[in-house]
Amino acid sequence: MSKSVQNNDRRRFFQDSLMAAAGVGFLQSKSASADSFNPKDSVKITNVKAVLTAPEGIRLVVVKVETSEPGLYGWGCATFTQRPKTVVTAVDEYLKPFLVGKNPDNIEDIWQSMFVSSYWRNGPVLNNAMSGVDMALWDIKGKRAGLPVYQLLGGKCRFAADLYAHASGRDFVELEDRVRRWMEKGYRHVRAQVAIEGYSTYGAPGTDRGLGHLPPNTRVYEPAAYVRTIPKMFEHLRDKVGWEIELLHDTHERVSNSQAVNLAKALEEYQLFFLEDPLPPEQVDHFRLIRQQTATPIAMGELFNNPHEWNDLISERLIDYIRVHLSQIGGLTPARKLAAFAETFGVRTAWHGPGDLSPFGRAANVALDLSCYNFGVQEQHIFNDAAHEVFPGILKIENGYEFANEAPGWGIDCDEEKAKKYPIKEDPPFDMFWGNVRRRDGTIVRP
Ligand code: CO
């Protein structure tokens, strides 16, 4: 090193010390490089990798962020179960080289820089990959602080997350029996779905008569038959199981705009906890018409990718519950902002939580459920024994409540050797269900 460089370094060190002593910002004394954010001995990201595993047959993508501090790493959920390998490419080949060397403490800066790192943004795949990294960074921060993540978000404002369970039946009587079973286990919220005679439907067994003129694997769905059946289903349930239990239902898009309005109106007398996704995301403007005509509570948002898609729905109070898949929108960082935004407008959270969310994603849901005042309800998924083997520390469920793990970070690990015991299945290469639901005449139905 030349003498003048050494002198410059000494002078800068001396100036920094003086300015620090005088309370002058450290940044002002240096050029604004990213490194000037961080103390010299800060922890660095040394590796980022995606791991595929399917202990329940559902293809999960989880992301591990490793650091320069021995034994310090974090895990996050990047699951896009329909296209898992594309997420692996996004993580291993694109985010890893972008992130190695950065300080894992700077979650917000890393999120904002990942967000624009491909220039084109706000899509599935890239947002899934970001979600995995983001949640892993929160896990690391929790471990560094020695605190569970919900503590970093402000601590608990309830002791656990109230869950809703799924019940479905081939007919009203079987459904009633399934609802009762959850009630007997102490659940206060149950989602009810029933088969539609002669057709497939969402969330219940299909009874398609099989129409020979449609392509193989086709599931035949007719919205009118569905819309006629569901009010009768709720009439039956209220008559048999009473009014104490909170009942929910998922339309899963599939119906026309006017059918959605009619359905929401017809269900008003059965006092649902919420009616989910009566419209597809392409028809969000139509929620105004539902709102003008009925007080049936509406939940929406699991298909959103872009953290701005919910702006109008929330600020115009067109929905009651925001349903978002945390490993789809970019992780915990955008979700906690969304929750705060929704609180202002009286919209509550009901984070999407079926089996295509890994235990890390569930833990992120529950961290928000516990720390956000405007929590509404949490969708339940009960992991099987194989998932517990791969992911030690999975959150406990008791009496219809899900509890945070009190260990630092998420309190959950991934045993990479055990994960290999449950490889993802290549055949079929994706869920054949999606893109194969059609009307009787062959028209494709949004799923
Ligand atoms: Co749904």
Side-chain angles (χ1 to χ4, degrees), residues 58 77 79-82 124 127-128 131 161-168 175 178-179 182 189-196 200-206 219 221 223 226-227 230 233-234 246-255 259-260 263-264 267 272-284 286-287 290 296-305 309-310 313-314 318-329 335 338 342 347-358 361-362 364-365 368-369 375-382 402 431 433-435 437 445-447:
I58 299 170
C77 183
T79 302
F80 179 8
T81 196
Q82 290 83 356
N127 277 8
N128 298 115
S131 302
D162 213 340
L163 297 170
Y164 76 81
H166 292 185
S168 78
L175 171 63
R178 300 273 166 83
V179 172
W182 287 119
H189 303 78
V190 180
R191 190 189 80 170
Q193 310 285 138
V194 76
I196 307 300
S200 81
T201 189
Y202 169 78
R219 298 193 186 188
Y221 174 87
Y226 163 81
V227 168
I230 299 308
M233 176 191 86
F234 278 106
E246 297 282 6
L247 295 174
L248 298 74
H249 179 72
D250 193 352
T251 300
H252 228 259
E253 321 169 45
R254 295 183 175 222
V255 299
Q259 283 170 327
L263 179 64
L267 295 180
L272 272 61
F273 186 84
F274 65 55
L275 175 66
E276 180 180 348
D277 286 356
L279 297 166
E282 296 81 9
Q283 296 298 332
V284 286
H286 223 81
F287 279 103
I290 296 181
T296 292
I298 302 294
M300 170 66 181
E302 75 189 40
L303 276 170
F304 291 174
N305 296 293
E309 280 176 283
W310 49 68
L313 288 179
I314 292 175
L318 301 179
I319 57 170
D320 299 271
Y321 296 90
I322 185 79
R323 302 246 321 133
V324 164
H325 197 75
L326 258 64
S327 64
Q328 186 61 56
I329 56 155
L338 169 62
V347 173
R348 295 195 280 164
T349 65
W351 309 117
H352 191 236
D356 61 347
L357 192 67
S358 75
R362 278 210 78 77
N365 279 356
L368 289 168
D369 295 341
F375 165 70
V377 74
Q378 176 61 56
E379 185 173 17
Q380 165 171 271
H381 177 74
I382 298 176
E402 189 159 10
D431 292 305
F433 185 69
W434 308 110
V437 181
V445 173
R446 296 209 169 148

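For ligands, and for the atoms within them, numbers begin at 1 and follow the listed sequence.
Remark: R348 engages no residue in a salt bridge (charged side-chain N to carboxylate O under 4.0 Å, His left out) (not counting sequence neighbours). For R323, the salt bridge (charged side-chain N to carboxylate O under 4.0 Å, His left out) partners are E276, E302, E379, not counting sequence neighbours. For H286, there are no ring-ring contact (aromatic ring centres under 6.0 Å, His included) partners two or more places apart in sequence or in a different chain.
A ring-centre distance under 6.0 Å is found for F273 and Y321.
Partner of T201 under the side-chain contact (heavy atoms from CB on, under 4.5 Å) criterion, out of V194, I230, I196: I196 alone. Screening L338, L318, I314 against V347 for a side-chain contact (heavy atoms from CB on, under 4.5 Å) leaves a single residue, I314.
Only protein N, O or S atoms were considered, and those under 2.8 Å from the Co ion (ligand 1) are D250 OD2, E276 OE2, E302 OE1.
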